[in-house]
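From a predicted model like this one, the values you see are computed outputs, not experimental measurements. These numbers come from the heavy atoms of this one structure, side chains and all, not from hydrogens, waters or symmetry mates. Convention: sequence-line order gives letters A, B, ...; per-chain numbering from 1.
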Amino acid sequence: MKKAIIPVCKLLGLLLGAAAIVFAAVQAVYWLNLDNKFMFLLHRILNKITDRVPRDRRF
Amino acid sequence: MSKKTDRGTRSRFYDGYELARYRKWRGFKDSWVDFREWLTEKKISGELIKADPVRAFKALTTYHWLAPYLGSGSMLDRTIDDAHGEALLIAHKYMQFLLKSNVDALVKIIRADERFGKNEYAKKMVIFEQDTSPILIGGFPNLTNAVEEPYFGILAAANDQHAGHYFTDIIDSYGLPSDSCRNSSIVCGVAIDDQLPYYGACLITSNAPCDSSVMNSSVVERRLKIPSIQGCTPMRWKDEDTREYAVAHVKEVIKFIEDCTGETFDWDAFFKTVRQYNEETRIQHELWELAKSPYYPVPSVPNLLYRSFQLSFSSGLNENCAKIGREMLAICEKCVREKINVRPKTRHRTLVCGAPASYYMHFSTWMYECWGVNTVAVLNNLSHHEYICEDDKEEALWGVAQLWEQAIMRRHLVGGYENMLELFEEYERFNCDMIVYYDNITCKGSKAITGMVQDIANERGIPLVWISHDLIDPRNIPRSEMRRQFNDFMSTVMNEEPLDASLLDFDDSKGW
Ligand code: SF4
């Protein structure tokens with residue numbers, strides 16, 4: 001039983017480690033290149049939406 | 001966006017935009033610090049959504065002034081572009097503190113906004129106009145303060161240079177004077193366009209003698225429909241005769257808050273806030289001492305923003321303010337003690353006066369990178385620097401009155417010539433060798449004195465450059481024009497060559 005658990009744990013560890021590395025790499029690429037561009041696009045979209053909200057200018 | 005061109009340091013950016021195609025490579029160690037701290041900054045920004053996702057979504061799709069905060073990451077990059085080593089770490093820590101404080105403030109406003117449904121917080125909040133320190137709220141532990149104007153104007157434009165157009169155009173089309181300070185125009189525009197959040201038990205306005213209090217208070221009051229009182233303190237605080245009146249008025253404001261909220265002023269809680277305020281002030285005095293040294297590492301923009309925040313927003317109410325101040329102090333002391341030079345491009349040490357352009361907050365960063373002009377002190381930030389009495393009630397209220405009287409801008413922009421001419425003492429104190437004077441073309445108080453300042457500088461042989469700008473609206477004086485004014489001064493008056501010629505002239509007029 002014990003013998004069977006060890007390789008499973010190792011495999012899980014490896015998978016987790018690989019996932020962490022991929023996650024960190026994706027984050028690094030996002031940080032390096034995409035973050036500000038994505039936010040810029042989102043900002044433009046939000047401006048388009050808020051431009052169309054009806055406003056009451058009488059008070 | 002157009003494709004990349006070869007433009008030296010600027011080749012990293014899209015033509016016409018202050019938007020980088022990729023991040024600056026700072027070497028392994030500094031890039032790691034940059035990446036690590038960016039992760040923290042993303043986490044902090046995420047709190048705006050996490051706190052109440054539904055309300056946050058509604059706010060983002062309702063308020064035009066909120067979207068520019070998506071640019072905070074880019075703004076942060078721009079303002080710390082000139083930093084490395086200890087300076088980079090300090091800059092990140094300062095900016096994270098500001099980011100966190102701003103996110104917390106916005107979360108508070110969004111959570112209390114009755115536009116998105118009735119709630120228990122709305123009537124627990126007391127709104128303070130930006131020139132009026134919220135320190136008194138320390139005496140009301142069940143209440144919380146909100147300072148909202150900077151979020152509509154100054155801070156929004158710092159994130160996106162075009163953030164204010166929408167609102168200035170509204171006040172122009174409404175028939176209000178178009179030559180008023182943009183600081184007030186924007187807030188008026190927000191009020192007219194019904195974009196003020198609905199919340200608050202009452203409003204404390206300021207009597208700063210400029211457009212900002214005179215014009216926007218009345219419009220904001222009409223829209224908000226909550227009781228308001230003017231934090232009316234004398235301008236001539238050096239005159240002892242004004243003291244009695246000033247203290248009486250602070251008492252009136254306390255009574256007003258009590259009447260509006262049903263709460264009672266708690267002196268013990270108030271003195272606790274005062275002690276915290278004094279601790280923030282003590283740290284600031286020590287930082288100013290270190291700023292006299294050539295090894296002072298704090299880059300100019302975080303320097304400017306942190307102190308403004310401490311005076312106008314925290315005033316002892318934000319525990320993190322002193323905490324971050326102590327951390328920064330330790331790093332600064334180390335740099336000065338061990339003579340670590342993290343500002344190696346410095347050719348000139350400058351004192352900066354006047355209101356900086358919000359749409360070009362990183363002008364100081366550019367001055368350093370292009371010309372080696374290092375901003376070591378900001379006159380506006382040297383406003384109120386006294387300690388407030390920690391045990392006597394009358395004395396403490398006098399301290400509060402002084403804090404209001406000497407608020408940022410009030411002292412050094414519209415506070416009378418005696419205060420404004422303090423710039424020459426501060427120039428000596430911080431061992432500067434030039435002065436950069438931001439000339440906000442709509443700030444009438446400071447404009448009135450320009451001739452006198454120039455005459456004194458000429459007499460004393462102090463190099464002084466005026467940089468005209470329009471505070472929150474780059475359409476009249478764009479960033480490139482501000483750079484041109486400085487370039488002309490450096491090449492003709494100072495007779496110098498730039499450190500990086502690719503930064504002399506470029507187009508960043510379009511985005512962020
Ligand atoms: S820049 Fe001048 S006019 Fe504008 S708010 Fe400040 S002191 Fe008032």
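- Closest approach of R223(B) and D56(A) over heavy atoms only: NH2-O, 2.7 Å.
- Residue K24(B) qualifies as enclosed at atom NZ: its count of foreign heavy atoms under 6.0 Å is above 12.
- In this structure, no portion of L66(B) lies under 4.5 Å from any heavy atom of chain A.
- The closest side-chain donor-acceptor pair between W31(A) and D34(B), if any, does not fall under 3.5 angstrom.
- Heavy-atom neighbours of W32(B) CH2 from other residues, nucleotides or ligands within 6.0 Å: at or below the threshold of 12.
- Within the model, atoms CD1 of I49(A) and NE2 of H64(B) stand 11.0 Å from one another, a figure rounded to the nearest 0.5 Å.
- Side-chain atoms of I170(B) and R57(A), non-hydrogen and from C-beta on, do get closer than 4.5 Å to each other.
- Other residues, nucleotides and ligands place no more than 12 heavy atoms under 6.0 Å from the NZ atom of K48(A).
- In this structure E47(B) satisfies the salt bridge (charged side-chain N to carboxylate O under 4.0 Å, His left out) test together with K100(B), sequence neighbours excluded.
- Side-chain contact between P68(B) and H43(A): present, with at least one pair of heavy atoms (C-beta onward) separated by less than 4.5 Å.
- T50(A) places none of its side-chain heavy atoms less than 4.5 Å from the side chain of Y166(B).
- The candidate from N36(A), L46(A), L34(A) with the greatest count of non-hydrogen atom pairs under 4.5 Å with chain B is N36(A).
- At a threshold of 4.5 Å between non-hydrogen side-chain atoms, the residues F40(A) and L70(B) do not count as touching.
- Note on L60(B), I192(B), L39(B): by heavy-atom pairs under 4.5 Å with chain A, the leading option is I192(B).
- Counted within 6.0 Å of OH on Y174(B), heavy atoms from surrounding residues, nucleotides or ligands total more than 12; the atom is thus considered enclosed.
- Only the side chain of K42(B) comes within less than 4.5 Å of a heavy atom in chain A; its backbone stays farther off.
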### CA sep, side-chain torsions, deciding dist, call: K37(A), Y22(B), side-chain contact (heavy atoms from CB on, under 4.5 Å)
CA-CA 9 Å; K37(A) 288 175 210 167; Y22(B) 53 88; over 6 Å; no
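- Residue R52(A) does not touch chain B at all, counting heavy-atom pairs closer than 4.5 Å.
- Annotation: side-chain hydrogen bond (donor to acceptor under 3.5 Å, both in side chains) contacts of E114(B) (sequence neighbours excluded): none.
- Contacts between W512(B) and chain A at a heavy-atom distance below 4.5 Å involve backbone atoms as well as side-chain atoms.
- Salt-bridge check for D193(B) with R55(A): passed, with a basic side-chain N closer than 4.0 Å to an acidic carboxylate O.
- Taking CE of M39(A) as the reference point, atom CG of D160(B) lies at 14.5 Å (rounded to 0.5 Å).
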